[in-house]
Protein chains: 2
Amino acid sequence: MSVTNTVVRRASLESCGSDDHEDCGLELILVRLGEQWTVRVLAELAGGPLRYRVLERALDGISQRMLTLTLRRLERDGHLLRHVEPTVPPKVTYELTELGHAFATQVATLVEWSRQHKEAINAAQDTFDASGRD
Amino acid sequence: MSVTNTVVRRASLESCGSDDHEDCGLELILVRLGEQWTVRVLAELAGGPLRYRVLERALDGISQRMLTLTLRRLERDGHLLRHVEPTVPPKVTYELTELGHAFATQVATLVEWSRQHKEAINAAQDTFDASGRD
DNA sequence: CGGCATCCGCTAGGATACTG
DNA sequence: CAGTATCCTAGCGGATGCCG
(Lines give C-alpha, C1' and ligand atoms only; values in the text may rest on other atoms or scores of the structure.)
Protein backbone atom coordinates (compact mmCIF):
# COMPACT_ATOMS: atom_id res chain seq x y z
CA MET A 1 0.00 0.00 0.00
CA SER A 2 1.35 3.41 -0.92
CA VAL A 3 0.14 5.05 2.24
CA THR A 4 2.23 7.70 3.90
CA ASN A 5 2.58 5.94 7.19
CA THR A 6 2.93 8.89 9.49
CA VAL A 7 5.65 7.81 11.82
CA VAL A 8 5.68 10.88 14.01
CA ARG A 9 3.97 10.19 17.26
CA ARG A 10 5.52 11.30 20.49
CA ALA A 11 4.76 10.27 24.03
CA SER A 12 1.62 8.22 23.78
CA LEU A 13 -0.54 7.32 26.77
CA GLU A 14 1.85 6.27 29.50
CA SER A 15 4.71 5.90 27.03
CA CYS A 16 3.44 2.57 25.68
CA GLY A 17 6.14 0.06 26.48
CA SER A 18 8.38 0.93 29.35
CA ASP A 19 10.10 -2.42 29.17
CA ASP A 20 13.75 -2.02 28.37
CA HIS A 21 14.56 -5.24 26.59
CA GLU A 22 17.99 -5.04 28.12
CA ASP A 23 17.02 -6.85 31.30
CA CYS A 24 13.74 -8.67 30.81
CA GLY A 25 14.96 -10.74 27.90
CA LEU A 26 12.76 -13.36 26.36
CA GLU A 27 10.00 -13.40 28.92
CA LEU A 28 8.63 -10.31 27.27
CA ILE A 29 6.50 -12.52 25.12
CA LEU A 30 4.92 -14.14 28.16
CA VAL A 31 4.12 -10.74 29.53
CA ARG A 32 2.41 -9.86 26.24
CA LEU A 33 0.32 -13.00 26.46
CA GLY A 34 -0.71 -12.06 29.93
CA GLU A 35 -2.13 -8.82 28.64
CA GLN A 36 -5.57 -10.23 28.12
CA TRP A 37 -6.38 -8.56 24.81
CA THR A 38 -3.23 -9.38 22.88
CA VAL A 39 -4.40 -12.80 21.81
CA ARG A 40 -7.82 -11.59 20.75
CA VAL A 41 -6.36 -8.76 18.69
CA LEU A 42 -3.91 -11.12 17.08
CA ALA A 43 -6.71 -13.53 16.26
CA GLU A 44 -8.79 -10.80 14.63
CA LEU A 45 -5.94 -9.44 12.57
CA ALA A 46 -4.87 -12.90 11.46
CA GLY A 47 -7.69 -12.79 8.96
CA GLY A 48 -6.41 -9.61 7.35
CA PRO A 49 -5.99 -5.85 7.90
CA LEU A 50 -8.65 -4.10 9.93
CA ARG A 51 -9.52 -0.56 10.90
CA TYR A 52 -9.52 0.69 14.44
CA ARG A 53 -13.29 0.91 14.76
CA VAL A 54 -13.80 -2.54 13.29
CA LEU A 55 -11.42 -3.99 15.81
CA GLU A 56 -13.13 -2.15 18.60
CA ARG A 57 -16.48 -3.68 17.68
CA ALA A 58 -15.12 -7.13 16.90
CA LEU A 59 -13.53 -7.34 20.32
CA ASP A 60 -16.67 -6.00 21.93
CA GLY A 61 -16.03 -4.89 25.45
CA ILE A 62 -12.52 -3.57 25.04
CA SER A 63 -11.94 0.01 26.09
CA GLN A 64 -10.31 2.41 23.66
CA ARG A 65 -7.49 2.75 26.09
CA MET A 66 -6.67 -0.94 26.06
CA LEU A 67 -7.20 -1.33 22.34
CA THR A 68 -4.81 1.50 21.65
CA LEU A 69 -2.31 0.26 24.19
CA THR A 70 -2.42 -3.29 22.90
CA LEU A 71 -2.05 -2.19 19.31
CA ARG A 72 0.79 0.15 20.16
CA ARG A 73 2.69 -2.53 22.02
CA LEU A 74 2.24 -5.02 19.22
CA GLU A 75 3.37 -2.38 16.77
CA ARG A 76 6.40 -1.65 18.90
CA ASP A 77 7.26 -5.34 18.96
CA GLY A 78 7.11 -5.40 15.19
CA HIS A 79 4.05 -7.62 15.10
CA LEU A 80 1.88 -5.20 13.19
CA LEU A 81 1.95 -2.10 11.02
CA ARG A 82 -0.14 1.01 11.38
CA HIS A 83 -1.30 2.70 8.21
CA VAL A 84 -2.64 6.20 8.51
CA GLU A 85 -4.60 7.99 5.82
CA PRO A 86 -4.66 11.64 6.90
CA THR A 87 -8.16 12.35 5.66
CA VAL A 88 -11.07 13.80 7.58
CA PRO A 89 -12.21 11.76 9.31
CA PRO A 90 -8.92 9.84 9.55
CA LYS A 91 -8.65 6.25 8.47
CA VAL A 92 -6.27 3.98 10.36
CA THR A 93 -5.65 0.40 9.37
CA TYR A 94 -3.75 -2.25 11.28
CA GLU A 95 -2.06 -5.14 9.57
CA LEU A 96 0.04 -8.03 10.81
CA THR A 97 3.64 -8.25 9.69
CA GLU A 98 5.38 -11.52 8.85
CA LEU A 99 6.56 -11.68 12.42
CA GLY A 100 3.06 -10.94 13.62
CA HIS A 101 1.59 -13.77 11.59
CA ALA A 102 4.20 -16.14 12.89
CA PHE A 103 3.45 -15.07 16.43
CA ALA A 104 -0.27 -15.39 15.87
CA THR A 105 0.26 -18.89 14.57
CA GLN A 106 2.22 -19.87 17.64
CA VAL A 107 -0.44 -18.50 19.89
CA ALA A 108 -3.15 -20.22 17.90
CA THR A 109 -1.36 -23.51 18.45
CA LEU A 110 -1.30 -22.94 22.16
CA VAL A 111 -4.94 -21.93 22.26
CA GLU A 112 -5.75 -25.01 20.24
CA TRP A 113 -3.97 -27.17 22.78
CA SER A 114 -5.75 -25.55 25.69
CA ARG A 115 -9.05 -26.06 23.95
CA GLN A 116 -8.34 -29.76 23.61
CA HIS A 117 -7.41 -30.13 27.24
CA LYS A 118 -10.00 -27.76 28.58
CA GLU A 119 -12.23 -30.49 29.92
CA ALA A 120 -9.36 -32.23 31.66
CA ILE A 121 -8.44 -28.99 33.37
CA ASN A 122 -11.99 -28.23 34.37
CA ALA A 123 -12.39 -31.72 35.74
CA ALA A 124 -9.20 -31.33 37.74
CA GLN A 125 -10.45 -28.06 39.14
CA ASP A 126 -13.74 -29.61 40.16
CA THR A 127 -11.96 -32.46 41.89
CA PHE A 128 -9.64 -30.05 43.62
CA ASP A 129 -12.42 -27.79 44.77
CA ALA A 130 -14.58 -30.68 45.90
CA SER A 131 -11.90 -32.43 47.89
CA GLY A 132 -9.80 -29.69 49.38
CA ARG A 133 -12.20 -26.90 50.01
CA ASP A 134 -15.77 -26.79 51.18
CA MET B 1 4.56 -43.65 45.67
CA SER B 2 2.68 -44.94 48.65
CA VAL B 3 2.43 -41.60 50.31
CA THR B 4 -0.72 -40.63 52.12
CA ASN B 5 -1.36 -37.51 50.14
CA THR B 6 -3.15 -35.41 52.71
CA VAL B 7 -5.92 -33.86 50.74
CA VAL B 8 -7.42 -31.82 53.52
CA ARG B 9 -6.53 -28.20 53.08
CA ARG B 10 -9.19 -25.59 53.58
CA ALA B 11 -9.19 -21.95 52.57
CA SER B 12 -5.63 -21.28 51.52
CA LEU B 13 -4.24 -17.79 51.07
CA GLU B 14 -6.89 -15.83 49.19
CA SER B 15 -8.75 -18.96 48.16
CA CYS B 16 -6.25 -19.87 45.45
CA GLY B 17 -8.19 -19.79 42.22
CA SER B 18 -11.28 -17.64 42.17
CA ASP B 19 -11.84 -18.25 38.50
CA ASP B 20 -15.07 -20.09 37.91
CA HIS B 21 -14.38 -21.96 34.71
CA GLU B 22 -18.02 -21.54 33.85
CA ASP B 23 -17.55 -18.22 32.15
CA CYS B 24 -13.89 -17.66 31.39
CA GLY B 25 -13.53 -20.74 29.25
CA LEU B 26 -10.30 -21.46 27.46
CA GLU B 27 -8.53 -18.19 28.11
CA LEU B 28 -7.67 -19.51 31.52
CA ILE B 29 -4.47 -20.86 30.14
CA LEU B 30 -3.42 -17.45 28.89
CA VAL B 31 -4.08 -16.02 32.31
CA ARG B 32 -1.82 -18.68 33.81
CA LEU B 33 0.93 -17.79 31.39
CA GLY B 34 0.61 -14.19 32.37
CA GLU B 35 1.33 -15.11 35.95
CA GLN B 36 5.03 -14.56 35.70
CA TRP B 37 6.20 -17.55 37.71
CA THR B 38 4.13 -20.27 36.09
CA VAL B 39 6.51 -20.82 33.22
CA ARG B 40 9.57 -20.90 35.43
CA VAL B 41 8.00 -23.40 37.81
CA LEU B 42 6.91 -25.56 34.92
CA ALA B 43 10.40 -25.46 33.47
CA GLU B 44 11.96 -26.51 36.77
CA LEU B 45 9.55 -29.35 37.36
CA ALA B 46 9.89 -30.59 33.79
CA GLY B 47 13.16 -32.18 34.85
CA GLY B 48 11.53 -34.21 37.58
CA PRO B 49 9.88 -33.94 41.02
CA LEU B 50 11.21 -31.30 43.38
CA ARG B 51 10.70 -30.26 46.96
CA TYR B 52 9.34 -26.90 48.00
CA ARG B 53 12.62 -25.53 49.25
CA VAL B 54 14.52 -26.69 46.19
CA LEU B 55 12.06 -24.90 43.98
CA GLU B 56 12.30 -21.81 46.11
CA ARG B 57 16.06 -21.68 45.64
CA ALA B 58 16.03 -22.68 42.00
CA LEU B 59 13.68 -19.85 41.17
CA ASP B 60 15.71 -17.46 43.27
CA GLY B 61 13.83 -14.32 43.96
CA ILE B 62 10.36 -15.76 44.29
CA SER B 63 8.50 -15.07 47.49
CA GLN B 64 6.99 -17.94 49.44
CA ARG B 65 3.64 -16.41 48.83
CA MET B 66 3.98 -16.54 45.06
CA LEU B 67 5.60 -19.94 45.01
CA THR B 68 2.78 -21.38 47.05
CA LEU B 69 0.13 -19.59 45.01
CA THR B 70 1.64 -20.67 41.71
CA LEU B 71 1.99 -24.27 42.85
CA ARG B 72 -1.53 -24.32 44.21
CA ARG B 73 -3.01 -23.00 41.00
CA LEU B 74 -1.08 -25.48 38.88
CA GLU B 75 -2.19 -28.23 41.20
CA ARG B 76 -5.77 -27.10 40.91
CA ASP B 77 -5.51 -27.16 37.12
CA GLY B 78 -4.29 -30.71 37.30
CA HIS B 79 -0.81 -29.86 36.08
CA LEU B 80 1.00 -31.14 39.13
CA LEU B 81 0.62 -33.35 42.17
CA ARG B 82 1.52 -32.53 45.73
CA HIS B 83 2.97 -35.30 47.86
CA VAL B 84 3.09 -34.76 51.60
CA GLU B 85 5.13 -36.84 53.99
CA PRO B 86 3.82 -35.90 57.43
CA THR B 87 7.14 -36.13 59.21
CA VAL B 88 8.86 -33.50 61.31
CA PRO B 89 10.01 -31.48 59.59
CA PRO B 90 7.52 -32.12 56.79
CA LYS B 91 8.64 -33.11 53.32
CA VAL B 92 6.56 -31.89 50.39
CA THR B 93 7.31 -32.86 46.83
CA TYR B 94 5.82 -31.47 43.67
CA GLU B 95 5.59 -33.47 40.49
CA LEU B 96 4.17 -32.80 37.05
CA THR B 97 1.26 -34.91 35.87
CA GLU B 98 0.87 -36.08 32.29
CA LEU B 99 -1.17 -33.00 31.62
CA GLY B 100 1.47 -30.87 33.25
CA HIS B 101 4.22 -32.29 31.09
CA ALA B 102 2.15 -31.72 27.99
CA PHE B 103 1.52 -28.17 29.06
CA ALA B 104 5.18 -27.60 29.85
CA THR B 105 6.08 -28.88 26.42
CA GLN B 106 3.72 -26.48 24.77
CA VAL B 107 5.08 -23.59 26.74
CA ALA B 108 8.63 -24.65 25.95
CA THR B 109 7.78 -24.51 22.27
CA LEU B 110 6.49 -21.01 22.63
CA VAL B 111 9.49 -19.88 24.62
CA GLU B 112 11.71 -21.47 22.01
CA TRP B 113 9.97 -19.47 19.30
CA SER B 114 10.30 -16.23 21.22
CA ARG B 115 13.96 -16.94 21.74
CA GLN B 116 14.48 -17.36 18.02
CA HIS B 117 12.69 -14.15 17.19
CA LYS B 118 13.99 -12.19 20.12
CA GLU B 119 16.43 -10.16 18.07
CA ALA B 120 13.82 -9.25 15.49
CA ILE B 121 11.55 -8.01 18.22
CA ASN B 122 14.29 -6.05 19.92
CA ALA B 123 15.25 -4.49 16.60
CA ALA B 124 11.64 -3.53 15.97
CA GLN B 125 11.45 -1.94 19.38
CA ASP B 126 14.59 0.05 18.77
CA THR B 127 13.27 1.29 15.45
CA PHE B 128 9.96 2.18 17.02
CA ASP B 129 11.55 4.02 19.90
CA ALA B 130 14.01 5.83 17.68
CA SER B 131 11.44 7.03 15.16
CA GLY B 132 8.35 7.76 17.14
CA ARG B 133 9.63 8.94 20.46
CA ASP B 134 12.57 11.07 21.48
C1' DC C 1 -13.12 8.48 13.17
C1' DG C 2 -9.16 7.61 16.00
C1' DG C 3 -7.26 8.65 19.35
C1' DC C 4 -5.03 10.90 24.16
C1' DA C 5 -5.51 12.54 29.20
C1' DT C 6 -7.30 11.69 33.72
C1' DC C 7 -9.35 9.64 37.72
C1' DC C 8 -9.97 5.40 40.07
C1' DG C 9 -10.76 0.51 41.56
C1' DC C 10 -8.81 -3.99 41.56
C1' DT C 11 -5.41 -7.30 41.92
C1' DA C 12 -0.78 -9.32 41.08
C1' DG C 13 2.94 -9.69 43.66
C1' DG C 14 6.86 -8.36 47.18
C1' DA C 15 8.20 -7.98 52.28
C1' DT C 16 7.55 -9.31 56.73
C1' DA C 17 6.13 -11.93 60.69
C1' DC C 18 4.21 -15.99 62.66
C1' DT C 19 2.84 -21.31 62.98
C1' DG C 20 2.97 -26.72 62.93
C1' DC D 1 10.87 -27.31 56.32
C1' DA D 2 6.65 -25.76 54.41
C1' DG D 3 3.72 -23.06 54.60
C1' DT D 4 -0.12 -19.14 56.27
C1' DA D 5 -1.65 -14.34 57.32
C1' DT D 6 -1.18 -9.37 56.82
C1' DC D 7 0.26 -5.08 55.01
C1' DC D 8 1.59 -2.47 51.12
C1' DT D 9 2.61 -0.75 46.31
C1' DA D 10 2.88 -0.58 41.36
C1' DG D 11 0.45 -1.36 37.50
C1' DC D 12 -3.33 -3.15 34.60
C1' DG D 13 -7.38 -1.99 32.91
C1' DG D 14 -12.27 0.27 32.93
C1' DA D 15 -15.00 4.75 32.56
C1' DT D 16 -15.29 9.25 31.21
C1' DG D 17 -14.27 13.44 28.77
C1' DC D 18 -11.88 16.12 25.26
C1' DC D 19 -9.42 16.88 20.71
C1' DG D 20 -7.85 16.97 15.59
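Quick note on labels: first sequence line is chain A, next is B, and so on, each numbered from 1. Below, all heavy atoms of this structure are taken into account, side chains as well, without hydrogens, waters or symmetry copies.
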Just N and O in the side chain of [X]: are any of them under 4.0 Å from OP1 or OP2 of [N]?
| X | N | result |
| --- | --- | --- |
| A:Y94 | C:dG3 | yes |
| B:R82 | D:dG3 | yes |
| B:R53 | D:dA2 | no |
| B:R65 | D:dG3 | no |
| A:Q36 | D:dC12 | no |
| B:R51 | D:dC1 | no |

[atom1] of [X] versus [atom2] of [N]: gap in Å, rounded?
| X | N | atom1 | atom2 | answer |
| --- | --- | --- | --- | --- |
| B:L59 | D:dA2 | CG | C1' | 15 Å |
| B:I62 | C:dA15 | CD1 | P | 11 Å |
| B:H83 | D:dG3 | NE2 | P | 13 Å |
| A:R73 | C:dC4 | CZ | P | 13 Å |
| B:R57 | D:dC1 | CZ | C1' | 10 Å |
| A:K91 | C:dG3 | NZ | P | 14 Å |
| B:L69 | C:dT11 | CG | P | 14 Å |
| B:L55 | D:dC1 | CG | P | 13 Å |

Touch class at under 4.0 angstrom, heavy-atom based, for B:E56 against every strand present
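B:E56: no heavy atom of the nucleic acid under 4.0 Å.
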Are [X] and [Y] side-chain neighbours, meaning at least one heavy-atom pair lies under 4.5 Å?
| X | Y | answer |
| --- | --- | --- |
| A:D77 | A:F103 | no |
| A:R51 | A:V54 | yes |
| A:Y52 | A:R82 | no |

What nucleotide, of [options], holds the atom closest to the side chain of [X]?
| X | options | value |
| --- | --- | --- |
| A:P90 | D:dG13, C:dG2, D:dG3 | C:dG2 |
| B:Q64 | C:dG13, C:dC1, C:dT16 | C:dT16 |
| B:V92 | D:dG3, D:dG14, D:dG13 | D:dG3 |

Backbone N or O of B:H79 within a donor-acceptor pair of the B:T97 side chain at under 3.5 Å?
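Present.
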Is it true that a side-chain atom of A:T38 and a backbone atom of A:R32 form a donor plus acceptor pair closer than 3.5 Å?
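Between the backbone of A:R32 and the side chain of A:T38 there is a qualifying donor-acceptor contact (under 3.5 Å).
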Along DNA chain D (nearest heavy atom to each residue), the more 5'-positioned of A:P89 and A:G61:
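Closer to the 5' end of DNA chain D: A:G61.
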